[in-house]
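Indexing begins at 1, ligand by ligand and atom by atom, following the structure's order.
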Amino acid sequence: MAGGRDKDIKPATRLVTGGRSGDFAGSVVNPPVWRASTHLYADCAALRNGVKSNEDGRFFYGRRGAPTQWALSEALTELEPGAQGTVLYPSGLAALVGALMAVLKAGDVLLVADNAYDPTRNTAMGILKRFGVEHRFFDPLDHAAYAAAFCERTKAVMLEVPGSLTMEVCDLPALARIARDRGAVSLVDNTWATALGFAALEHGCDIVITALTKHVGGHSDLMMGAASAGEQWYRRLRMAAQQLGHVVSPDDASLALRGLRTMGVRLEKETASALAIAEWLAAREDVAHVLCPMLPGSPGHDLWCRDFTGGCGLFSFVLKGRDDAARCRLIDALELFGIGYSWGGFESLALPFDVEPVRSCMQWPKAGWGVEDRHAVRLSIGLEDTDDLIADLECGFAAMNEG
Ligand SMILES: *Cc1c(COP(=O)(O)O)cnc(C)c1O
């Protein structure tokens with residue numbers, strides 16, 4: 001981007017301008033979809049030169065991308081304060097695994113936040129273990145236990161904020177600082193807030209991972225992930241991704257770029273709507289807890305206010321003393337909320353979840369809660385009218401309570 005004004009440009013503007021240099025877009029607004037495996041060289045000398053320089057933005061072979069993917073990477077890097085570069089992956093999970101494989105080797109120990117995304121846990125317990133990496137789960141709210149979990153072989157810490165499903169907000173700058181002091185690299189899954197809501201690298205993390213499938217795509221029609229980092233770790237990420245053969249299709253990159261342009265307004269609208277719905281739920285007698293960091297009084301709200309500049313439409317609530325059948329009556333009666341995995345699309349979703357199978361050391365139901373208050377629902381609030389969504393939920397609760 002031109003001129004000295006660049007550093008003052010705000011995130012909302014970067015969403016619009018990122019990755020649109022003439023090199024990528026030519027004289028049209030959006031970078032075209034470059035479908036290519038083979039890039040042709042003028043002569044043998046050019047071919048040999050191409051092999052030698054493994055740089056971003058240079059044609060070589062389709063696996064290293066073409067202008068459509070480069071434009072998306074550049075737009076994401078511009079959006080992430082402190083990032084030197086961004087590597088794209090075919091899914092959010094591929095980004096998590098690709099980043100972990102970039103920083104770990106056999107014999108290392110990985111610390112994994114107990115409230116990390118379930119497939120992240122499975123990767124630690126599965127393929128990483130098979131390749132000789134040990135893991136320990138830790139409660140990210142218990143700093144003493146976390147500090148005690150380090151040993152000489154601890155080389156990386158996998159964090160996520162807010163916690164998957166249960167939405168705890170940990171003191172990420174403090175956890176990242178402890179990792180750095182102990183010589184471990186910290187990775188954070190920032191899919192919930194994106195770079196718009198939480199500047200992970202500026203808060204001390206080394207590598208930030210985002211499932212673009214969610215807010216960036218935003219339309220429930222693509223799968224992709226990204227990992228961004230400063231110079232040192234970016235090089236490692238890029239090398240590992242090249243060795244693992246990761247590449248994303250230019251069509252999907254183009255869709256992700258399209259989603260990115262409107263992500264700011266979507267997140268603002270979804271956040272406002274989610275907050276209104278969270279308040280409505282918190283006032284209900286049949287709801288025991290609302291797990292929504294954006295809601296004043298909800299767990300994690302203070303840290304969210306301190307560290308975050310935005311939220312999104314994803315949060316959870318726990319039913320008061322109801323069983324699974326009651327929860328299913330509620331969800332099945334909803335008409336505007338789809339039932340399904342993923343989130344961050346323009347359409348609202350509801351998902352029943354059980355925490356016990358996906359935690360090793362964090363307590364559930366939480367300390368101080370009634371033992372019967374354990375059946376939870378996660379909502380992804382989309383772009384529908386807020387009052388319509390509340391009316392739909394009202395019908396769901398009526399069906400639950402009639403049963
Ligand atoms: C969905 C999700 C992922 C994985 O993204 P996919 O593109 O579905 O592989 C990673 N982390 C979090 C927090 C997610 O919600």
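Judged purely by distance below 3.5 Å, without hydrogens or angles, the side chains of Thr191 and Asp189 pair a donor atom with an acceptor atom.
Of all protein heavy atoms, the one closest to atom 11 (N) of ligand 1 is Asp189 OD2, 2.6 Å. Met223 CE, 3.5 Å is the protein heavy atom nearest to atom 8 (O) of ligand 1. Protein heavy atom in closest approach to atom 6 (P) of ligand 1: Gly92 N, 3.3 Å. Given atom 9 (O) of ligand 1, the protein heavy atom at minimum distance is Leu93 N, 2.8 Å. Among all non-hydrogen protein atoms, the one lying nearest atom 7 (O) of ligand 1 is Thr213 OG1, 2.5 Å.
Under 4.0 angstrom from ligand 1, the non-hydrogen atoms of Trp343 all belong to its side chain.
The atoms of ligand 1 that sit less than 4.0 Å from any heavy atom of Lys214 are 1 (C), 2 (C), 3 (C), 5 (O), 14 (C), 15 (O). Taking every non-hydrogen atom of Glu160 and a distance limit under 4.0 Å, the qualifying atoms of ligand 1 come out as 13 (C). For ligand 1, the atoms closer than 4.0 angstrom to any heavy atom of Leu96 are 10 (C).
Using a 4.0 Å cut-off between a side-chain N of Lys or Arg and a carboxylate O of Asp or Glu, Asp171 and Arg177 do not qualify as a salt bridge. Remark: Asp286 does not engage Lys320 in a salt bridge, criterion side-chain N to carboxylate O under 4.0 Å. Ionic pairing of Glu55 and Arg64 is not present here: no N-O contact between side-chain nitrogen and carboxylate oxygen is shorter than 4.0 angstrom.
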Test log, rule side chain to side chain contact (heavy atoms under 4.5 Å, CB included), inputs Thr120 and Met158: CA-CA 9 Å; Thr120 304; Met158 185 71 231; 3.7 Å; yes
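With Ser37 contributing its side chain and Gly62 its backbone, the two residues share no donor-acceptor pair below 3.5 Å. Without hydrogens or angle criteria, Thr86 side chain to Ser228 main chain gives no donor-acceptor distance under 3.5 Å.
Distances from ligand 1 to the non-hydrogen atoms of Thr120 include no value under 4.0 Å.
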